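The structure appears right after this line, and notes come after that.
Values reported hereafter were calculated over all heavy atoms of this structure, with side chains retained and with hydrogens, waters and symmetry mates removed. Note that the structure is predicted; figures quoted are calculated from it, not measured.
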Amino acid sequence: MFIYMLLLTVIATVEAQRVPGQQKSDSCLCKINSSIWTFPAVRFVEVTKQVQICEENLNEFEEKLSNTDAELPLMRATLQNITARLKAFNYLHTSGLYNALPLRQLIQELEEIHQSVNESHLQNPNKETHNLLNELNKANNDIQRMYKDDFFNLETMKKRLRDLNNRAQICKTIPNNFRSTCHQRVMTRISSPSVTKLNSISKSYVSGAWGRDALLTNQERYWEHCLVSGHKHGHTIRVYNSHEDFMANRNYKDEQIAPSYSDKNAVQGSGTILYDNTVYYQCYSTAEICSFNITTKTTKRMKLDGAGIDNKFPFCYYSCRDWTDIDLEADQDAVWVIYATEENHGNIVVSRLDPLELNITHTWKTHLFKRSVTSTFMVCGVLYATRYVSTYQEEVFYAFDTTTGKEINTLSLAFEKVSAGIANLNYNPVDGKLYLYNDAYLLAYDTFF
């Protein structure tokens, strides 16, 4: 490369020259100016510098290429399957988290909360309902100011209304016996497993639920429910009339909830609970709650407005457990529904269900993202959430008290398990135990307050 540039330089500086001559004897004498063939030393130095600069730039470029070759595999691994990984969170872009919430939606929500608080105030006027009405009036003035001044801080206002709604739910009338047995409201410890056994059907059925009938006045009755169709659907529940029969897998009865796995009344997901001889569960492929009375063989259903289904908001944390969008829990004289909605940005929503009328009486909205936990359960009106620690250990790390509306983020209650995956975890107020369906294994724990 250097020689080629030098030749170009020399050729570019040489010019043809004509000179006169004289003939003497047999010779021709010419006077020639040889300066035109003088070696171009100055040009040579300049070209040498240019070549040196080119070599330095080339070396720098080669170094960058080498670094890029080393970084490409890391970039490729980071970007691998990014479309599939982001698909589950697409709703955040399409349904409101990063788009401004319309003011009319805030006004509608504010009106609903105001109506609820006003009804509570008329039934039982007290300082809290009075303060809530004042705060709601202030919130309404702030929204009207947002209209007037074209000043939008909608997410902050949304959070404000969510907190006001939770306080409004607390002001609603709740039966006295709902709180009477719960003098200690926060769990302090969970024992080692007191029961560990495989489910009675097949170890290949890794999703399901089990426990004891949760009604305080009911007879001793244990149950297990396995999802036997793609770990998604089921249509029978196995019932035992004693703990001894359950442990020995004998004298059980398989109660048919629906005629088939694909029937409209079949079970979807592992969020099943048995309360007062009635099975509560998510109905087949819908955002609805079903109740099946084992005695009368009748089924009721109700719509759960806004609930995400079909793996939109399953329990995840370490790895997602499919078909866990809706979780049913029982506690004292109520059934609880735990789910998530787009309107609440995928955070957990807790609703109290009247088990007889099969309708929702109260709803609380938390700040806990449902995909960040592995399971939930209810004790004395307190929602608890767990997260994965290791294959053989789980931890209760969060609580939300529906009586006070307060969240507790400082819990650290570890408990053992025998496998990584959790399909269902429920608390039973009759014996104070936690019942865990752990990848086909059935475990039970004592709890302490």
Regarding [X] and [Y], does a basic nitrogen lie under 4.0 Å from an acidic carboxylate oxygen?
{"X": "R301", "Y": "E288", "answer": "yes"}
{"X": "K312", "Y": "D325", "answer": "no"}
{"X": "E343", "Y": "K365", "answer": "yes"}
{"X": "D245", "Y": "R250", "answer": "yes"}
{"X": "K232", "Y": "D322", "answer": "no"}

Verify whether the ring centers belonging to [X] and [Y] lie closer than 6.0 Å.
{"X": "F246", "Y": "Y240", "value": "yes"}
{"X": "W364", "Y": "H362", "value": "yes"}
{"X": "W210", "Y": "Y437", "value": "no"}
{"X": "F377", "Y": "Y427", "value": "no"}
{"X": "H233", "Y": "Y284", "value": "yes"}

In this structure, are over 12 heavy atoms from other groups packed under 6.0 Å from [X] atom [atom1]?
{"X": "Y441", "atom1": "OH", "value": "no"}
{"X": "E62", "atom1": "CD", "value": "yes"}
{"X": "K203", "atom1": "NZ", "value": "no"}
{"X": "K197", "atom1": "NZ", "value": "yes"}

(message) Can you give me the closest heavy-atom contact between K433 and D446, atom names plus distance?
(response)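 What the structure gives for the nearest pair is NZ-OD1, 2.5 Å.
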(message) If you compare all heavy atoms of L353 against all heavy atoms of Y280, which two are closest, and at what distance to 0.1 Å?
(response)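 Shortest heavy-atom contact: CD2-CD2, 4.5 Å.
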(message) Checking D439 against R321 for the salt bridge (Lys or Arg N to Asp or Glu O under 4.0 Å) test, could you report, in this order, the C-alpha distance in whole Å, the side-chain angles of both residues, the deciding distance, and whether it holds?
(response) CA-CA 10 Å; D439 284 343; R321 170 66 66 166; 2.4 Å; yes
(request) State whether the side chain of T361 and the backbone N or O of R352 hold a donor-acceptor pair below 3.5 Å, judged by distance alone. (result)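 Checking the backbone N and O of R352 against the side chain of T361, a donor-acceptor pair under 3.5 Å is found.
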(request) May I ask you to decide if A444's main-chain N or O and S194's side chain share a donor-acceptor pair within less than 3.5 Å? (result)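 Yes: the side chain of S194 pairs with the backbone of A444.
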Would you indicate whether the side-chain heavy atoms of [Y] and [X] approach each other to under 4.5 Å?
{"X": "K300", "Y": "C290", "answer": "no"}
{"X": "Y398", "Y": "T386", "answer": "no"}
{"X": "I360", "Y": "T363", "answer": "yes"}
{"X": "N265", "Y": "I257", "answer": "no"}

(message) Set out, in order, the CA-CA distance, both residues' side-chain angles and the distance that settles ring-ring contact (aromatic ring centres under 6.0 Å, His included) for Y205 and H231, then state yes or no.
(response) CA-CA 7 Å; Y205 296 148; H231 309 307; 7.3 Å; no
(request) State the OG1-CD1 distance between T376 and I338, to the nearest 0.5 angstrom. (result)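 Answer for the OG1-CD1 pair, T376 versus I338, is 3.5 Å.
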(request) Indicate whether the side chain of R238 and that of S200 have a donor and an acceptor atom separated by less than 3.5 Å. (result)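 On atom types as modelled, these side chains qualify, holding a pair under 3.5 Å.
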(message) Could you walk me through whether N241 and N251 satisfy the side chain to side chain contact (heavy atoms under 4.5 Å, CB included) test, starting with their C-alpha distance in whole Å, then the side-chain angles of each, then the deciding distance to 0.1 Å, before giving a yes or no?
(response) CA-CA 8 Å; N241 288 324; N251 300 327; over 6 Å; no
(message) side chain to side chain contact (heavy atoms under 4.5 Å, CB included), that's the test. Do L368 and N347 meet it? Break it down for me.
(response) CA-CA 5 Å; L368 182 63; N347 295 327; 5.8 Å; no
